[in-house]
Structures are given as structure tokens and as C-alpha cells.
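Numbers here are sequence positions counted from 1.
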Amino acid sequence: MMSLLVLGGGSQKNKTWVDECASFFRHDFSDVNKIYYEHWRTGEKDIDFELEMKKISSLLAGKEITELYVCAKSIGSILALKCIEKGII
């Protein structure tokens, strides 16, 4: 299955961007996944990389993904690179 992972920037304002990207690409991928960062909900200033990597790992676990694409901006790009480094994606 061809899957897309959408990772926004650090600001909660990026939630709209995440939703718009997921909506825009929904016809191009069998599976579209988006992450809402925990610090958006809690009001904390910074992203918790370890927590978000665990969420991504859980989100993708068990899926038969043959191709994974990432659409990311700002801190989401760093999160994607950390996930690649750890073998999560």
C-alpha cells in the first residue's frame, strides 16, 4: 500500500496545514496518516520528539506499507529524520 505521513510545523496553527495536506493528497494515496502533536493539546512550548516518534510507530504498526511518503514542514521535517534514523519509517 502507498501511504502518506503528514507532519506539520511546531505551532498549533499548523493543524490546519496538516488537515489541508491530508485532504489534498487523499486521492493519491491508499492511506493518509496525520499526526497532531501532543504539545498542541497541552500548551507546552516544544515538541516531545520521543513521544511523537512512539505515536508514529504505533500509527504505522501492522500496516502493509510498500511505499511511505512524508509531507512535512519545519519541525515535522526534523521529526521525520529522527524517525528514519531510528528505523521507525
Side-chain angles (χ1 to χ4, degrees):
M1 148 175 58
M2 198 165 79
S3 185
L4 175 68
L5 176 61
V6 182
L7 302 171
S11 169
Q12 188 174 7
K13 297 176 190 173
N14 287 286
K15 184 179 182 291
T16 301
W17 181 88
V18 168
D19 291 337
E20 289 172 353
C21 283
S23 179
F24 181 82
F25 289 114
R26 74 181 182 278
H27 299 295
D28 299 315
F29 293 89
S30 307
D31 182 49
V32 177
N33 302 279
K34 55 188 179 179
I35 293 288
Y36 296 143
Y37 303 135
E38 192 65 19
H39 75 282
W40 291 352
R41 187 184 65 75
T42 64
E44 294 290 320
K45 181 182 174 194
D46 297 319
I47 189 170
D48 180 339
F49 285 108
E50 293 299 321
L51 174 65
E52 301 305 338
M53 287 190 290
K54 287 177 186 174
K55 285 170 52 178
I56 292 168
S57 180
S58 294
L59 179 66
L60 301 179
K63 294 186 177 189
E64 295 183 24
I65 298 171
T66 55
E67 295 179 66
L68 177 64
Y69 295 82
V70 177
C71 180
K73 74 181 257 189
S74 190
I75 203 70
S77 301
I78 303 301
L79 178 58
L81 290 172
K82 286 180 165 287
C83 286
I84 291 167
E85 177 185 43
K86 299 283 186 181
I88 296 168
I89 61 173

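- Side chains of Val70 and Ile84 form no contact here, defined as non-hydrogen atoms less than 4.5 Å apart.
- Separation of atoms CG (Leu68) and CE (Met2) is listed at 11.0 Å; rounding is to 0.5 Å.
- The two atoms that bring Cys71 and Phe25 nearest to each other are SG-CE1, 4.2 Å, heavy atoms only.
- Not a single donor-acceptor pair under 3.5 Å links the side chain of Arg41 to the backbone N or O of Glu38.
- Pairs passing the salt bridge (Lys or Arg N to Asp or Glu O under 4.0 Å) check and including a residue from residues 61-88, sequence neighbours excluded, read Asp31-Lys63.
- Counting all heavy atoms, side chain and backbone alike, Ile89 lies closest to Ala80 at CD1-O, 3.7 Å.
- Judged by distance alone, with hydrogens and angles left aside, the side-chain atoms of Trp17 form no donor-acceptor pair with the main-chain N or O of Leu7 at under 3.5 Å.
- For the pair Ile75 and Gly10, the tightest heavy-atom approach, listed with the atom from each and the gap, is CG2-N, 3.2 Å.
- Taking CD of Gln12 as the start and OH of Tyr36 as the end, the distance is 11.0 Å to the nearest 0.5 Å.
- Contact check for Tyr37 versus Leu51: no side-chain heavy atoms found under the 4.5 Å cut-off.
- With Ser57 contributing its side chain and Met53 its backbone, the two residues share no donor-acceptor pair below 3.5 Å.
- Contact check for Ile35 versus Val18: no side-chain heavy atoms found under the 4.5 Å cut-off.
- With rounding to the nearest 0.5 Å, the separation of CG in Asn33 from CG in Leu59 is 4.0 Å.
- Nearest heavy-atom pair across Val6 and Cys21 is CG1-CB, 3.9 Å.
- Taking NZ of Lys15 as the reference point, atom CG of Asp19 lies at 4.5 Å (rounded to 0.5 Å).
- Using modelled atom types, no side-chain atom of Lys34 and backbone atom of Gly8 make a donor-acceptor pair closer than 3.5 Å.
- The OG atom of Ser58 sits 9.5 Å away from the CD1 atom of Ile88 when rounded to the nearest 0.5 Å.
- Heavy atoms of other residues, nucleotides or ligands lying less than 6.0 angstrom from CZ of Phe49 number more than 12.
- The CG atom of Asp46 lies 7.0 Å from the NE2 atom of His39; values are rounded to the nearest 0.5 Å.
- Between the side chain of Asn14 and the main chain of Ser11, a donor-acceptor pair closer than 3.5 Å is present.
- At a threshold of 4.5 Å between non-hydrogen side-chain atoms, the residues Ile47 and Ile78 do not count as touching.
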